[in-house]
Amino acid sequence: MPIHNKDIAAKFSEIADLLEIDNANEFRVRAYRNAARTIDAMGQDVSALMEAGEDLTQIQGIGDELAKKIESIVTTGTVKALEDLRKKLPPGITDILKLPGLGPKKVKVLYQELKVKSLEDLEVAAKAGKVSALPGMGKKTEEQILKNITARIDAGLRFLRANVVPSAEALLGHLRGIEKEAPMTLCGSYRRMRDTVGDLDILVASESPQPLMDAFVSYDEVDEILANGSTKSSVRLRSGLQVDLRVVKEESYGAAMHYFTGSQAHNIAVRRRAQEMGFKVNEYGVFKGEAYVAGAAEEEVFETLGLAYIEPELREDRGEIASAQARALPGLVSEGDIRGDLHLHSTASDGRNSIREMAEAAKARGYAYLAVTDHSKRLTIANGLDEKRLRAQMEEIDTVNSEMKGFTVLKGSEVDIMDDGSLDLPDEILRDLDVVIGSVHHKFKLGIEEQTMRVMKAMDNPYFCILGHPTGRLLLSREPYEIDIPRIIEHAAQRGCCLEINGNPQRLDLHEIYARAAIQQGVMISVNTDAHSVEQLDLMQHGIGQARRAWIETKHVLNTRSLKDLRKTLAVIRS
DNA sequence: GCCGTTTTCGGCCCGACTGTTTTCAGTCG
């Protein structure tokens, strides 16, 4: 059983939780948390680095001790420090930490005084009124605990970013009704275009926060008010989504936007830099001693700290601060750079609109081309096309092209990758297509070696252009299948084919970390929507968000090419 | 437990809100 970064990160997180409950030095706890976050965000498996003889202490935040612990986890599956902690404190105790309002101190008291080891224990104790009798806890704490347990409210709950857009816009509209002119922004992971969000963070610049606070906590959709202060309030909506509102003065708007956009790791790194330069950064501005230096705009904050403006998508403490200092940040791709969509479906397979309708809609968006890539015959559930039907579709495309001016429909297929790595359609027809996307739609449970070999073999087909949704993940519902993506990237680089960033908000596959690793190795990315209807052509914005988070520039994206250049590039891929 | 243009010790981002307290610890982001 190979050890992945997620496994190591989970163990370090558990150690951090247990150490915190055990009253360990907070900076020691933080070291484990930082390491967990760093490892989880890496594009390459630490176990592979280790086996290749790399020095793990070269990784930021990993010193001698943590390197040894990683080695232990990779070779034995566990580490003594964790086993010792588990003997001292029951493992189920970390579930209790996930309840909102319960941190390490309270969890420790609950365990020591009431022998609470699990959520079940806690519910029994709270119902018996034993919790409110403890020092530092009262009736309100007890009620809150019971409420959160029965509602299964978990502080780590996340939502697809795309799914919260309507409620975010509606709530913003509600607040605009109170203060029409006030600058107002959604910050947090929403602004950073993360695939999922844990909550919404709304920032407003205003001299009179109270009416905004009142309107916010009395909003129709509010289920519960979690906090209600003079400049900061938090609510939970009926959907379960938590929303925070923060109001600051205009002179602090930029600093607050930076602070509120995060990520936490980015903020810590920026504040550390500020400290080294003799400044202090908080949500009110940049300060030299007591004196306010900057803060009305984010640009000012960065400039004062000697940094170029860092786009929100890059603020993850993944090297953006050093790049900003060196004035070497990438010029990120934007939706306006996209000239066409290379993965979409028509009524021939499981799409809802005809080829002509899709083409007209794409043209109306300002695209120059699209590729029709209906499913192949193996995917019977999606009415996949066999050779005969695909030949007929190719003729239909010729007709559409002869009737449309200034727009080109390319012939394509999203062809299934079979069990043995062959493709679901013969080379004779693949050769006559413009774009061949290969995708895995079955046998997700192969072992990592077999799955990797299967996909690499498919990529070797001379007509193969793009690997569709490379890991098969469905956010919040299905884990990616076991596949060695670093090897797939390496193979794509050698073979000269592309990898996809699929813009479907449930997929956003390839994930940013791998997509960044891919472009670093010279692999070109195709950002597509996988649209099954005219409306879904809009999903491009989500794919672009993921691409920007991967530090991707226009030059890295296949479908930012003009039609002429695209044809040239495809010819090279297929040569 | 990590880290170093103040480098092997002594720091480690910073502030709002709540509940339980009589001035603050705990939690959160």
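Residue numbers start from 1 in every chain, and the chains themselves are labelled A, B, ... in the order their sequence lines are given, proteins ahead of strands.
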- Could you please spell out the steps behind the side chain to side chain donor-acceptor pair (under 3.5 Å) verdict for A:Q546 and A:H511? CA-CA 7 Å; A:Q546 189 76 188; A:H511 179 266; 4.6 Å; no
- Message: Checking contacts here: which listed nucleotide (B:dG29, B:dC2, B:dA16) is nearest the side-chain heavy atoms of A:D199?
- Response: B:dG29
- Query: What nucleotide among B:dT20, B:dC17, B:dG29 has an atom nearest to a side-chain atom of A:T141?
  - Reply: B:dT20
- Can we say A:E83 and A:K87 salt-bridge, meaning some charged N sits less than 4.0 Å from an Asp/Glu carboxylate O? no
- Task: Name the nucleic acid region contacted by A:R28, choosing base, sugar-phosphate or nothing; use a 4.0 angstrom heavy-atom cut-off, strictly under.
- Result: base
- Item | Touch class at under 4.0 angstrom, heavy-atom based, for A:S230 against every strand present | sugar-phosphate
- Task: Measure from NZ or CZ of A:R33 to the centre of the six-membered ring of A:F12 and say whether it is under 6.0 Å with the direction within 45° of the ring axis.
- Result: no
- Message: Could you tell me how far B:dG11 sits from B:dA16 if I compare only their C1' atoms? Round to whole Å.
- Response: 25 Å
- Message: Between B:dC12 and B:dG19, how many Å separate the two C1' atoms, rounded to a whole number?
- Response: 29 Å
- Query: Base, sugar-phosphate, or nothing: which does A:Y284 touch, judged by heavy atoms less than 4.0 Å apart?
  - Reply: sugar-phosphate
- Within the structure shown, what part of the strands sits under 4.0 Å from A:K68 by heavy-atom distance: base, sugar-phosphate, or nothing? nothing
- Message: Here's a test for you: under side chain to side chain contact (heavy atoms under 4.5 Å, CB included), which of A:L314, A:I544, A:I552 qualifies with A:L332?
- Response: A:L314
- Query: Is the closest basic N to carboxylate O distance between A:R236 and A:E224 below 4.0 Å?
  - Reply: yes
Protein and nucleotides 3-10 of chain B: nitrogen or oxygen contacts under 3.5 angstrom:
from  : atom 1 : to    : atom 2 : distance (Å)
B:dC3 : OP1    : A:G61 : N      : 2.7

- Item | Among B:dT18, B:dG1, B:dC14, the nucleotide that comes nearest once only the side chain of A:K280 is considered | B:dC14
- Determine the contact category for A:N267: base if any of its heavy atoms lies under 4.0 Å from a base atom, sugar-phosphate if only primed atoms, P, OP1 or OP2 are that close, otherwise nothing. nothing
- Task: Tell me yes or no: between the side chains of A:T94 and A:E14, is some donor less than 3.5 Å from an acceptor?
- Result: no
- Mind checking the C1' distance from B:dT27 to B:dT20? Whole angstroms is fine. 14 Å
- Toward the 5' end of DNA chain B, which comes first, A:G101 or A:G229, by nearest nucleotide? A:G229
- For B:dT8, which nucleotide in any strand shown is its Watson-Crick or wobble partner with both distances under 3.5 Å? none
- Message: Measuring only the P atom in each nucleotide, how far is B:dT5 from B:dG1? A whole number of Å is fine.
- Response: 23 Å
- Task: Round to the nearest Å and state the distance from A:E290 atom CD to B:dC14 atom C1'.
- Result: 14 Å
- Message: Does B:dG19 have its OP1 or OP2 closer than 4.0 Å to a side-chain nitrogen or oxygen of A:Q144?
- Response: no
- Message: Quick check on DNA chain B: between A:R271 and A:K140, whose nearest nucleotide comes earlier from the 5' end?
- Response: A:R271
- Item | Sugar-phosphate, base or nothing in reach of A:T231, heavy atoms under 4.0 Å | sugar-phosphate
- Message: Once you apply a heavy-atom cut-off of 4.0 Å, does A:K139 come out as touching a base, just sugar-phosphate, or nothing?
- Response: sugar-phosphate
- Task: Have a look at A:Q242 and say if it touches a base, only the backbone sugar-phosphate, or nothing, with a 4.0 Å heavy-atom cut-off.
- Result: sugar-phosphate
- Query: Contact class for A:E65 vs. all strands (heavy atom < 4.0 Å): base, sugar-phosphate, or nothing?
  - Reply: sugar-phosphate
- Item | Nucleotide nearest A:P104 when distance is taken to its side chain, options B:dT27, B:dC12, B:dG29 | B:dT27
- Message: Rounding to an integer number of angstrom, what distance separates B:dC14 and B:dT21 when you compare their P atoms?
- Response: 31 Å
- Atom-pair distance (CZ on A:R33; P on B:dG29), nearest Å: 13 Å
- Note on the structure: Atom NZ of A:K147 and atom P of B:dG19 are separated, to the nearest Å, by 12 Å
- A:D17 CG - B:dT27 P separation (whole Å): 12 Å
- Pick base, sugar-phosphate or nothing for A:V281, based on heavy-atom distances below 4.0 Å to the nucleic acid. sugar-phosphate
- Task: For A:N23 and B:dT27, give me the distance from atom CG to atom P, rounded to whole Å.
- Result: 11 Å
- Query: So, A:K68 and A:E71, do they make that salt bridge, N to O below 4.0 Å?
  - Reply: no
- Task: Starting from P on B:dG19, measure out to CE on A:M137 and report it in whole angstrom.
- Result: 14 Å
- Between A:F216 and A:H174, does the ring centroid distance fall short of 6.0 Å? no
- How is A:L97 classified with respect to the nucleic acid when contacts are heavy atoms under 4.0 Å: base, sugar-phosphate, or nothing? nothing
- Message: Rounding to an integer number of Å, can you tell me how far A:R273 CZ sits from B:dC14 C1'?
- Response: 19 Å
- Query: Do the charged groups of A:E320 and A:R315 touch, with an N to O distance under 4.0 Å?
  - Reply: no
- For A:Y32 and A:L19, run side-chain contact (heavy atoms from CB on, under 4.5 Å): C-alpha distance rounded to whole Å, both residues' side-chain angles, the deciding distance at 0.1 Å, then the answer. CA-CA 9 Å; A:Y32 279 99; A:L19 278 176; 3.5 Å; yes
- May I have the distance from A:H258 (atom NE2) to B:dG29 (atom P), rounded to whole angstrom? 19 Å
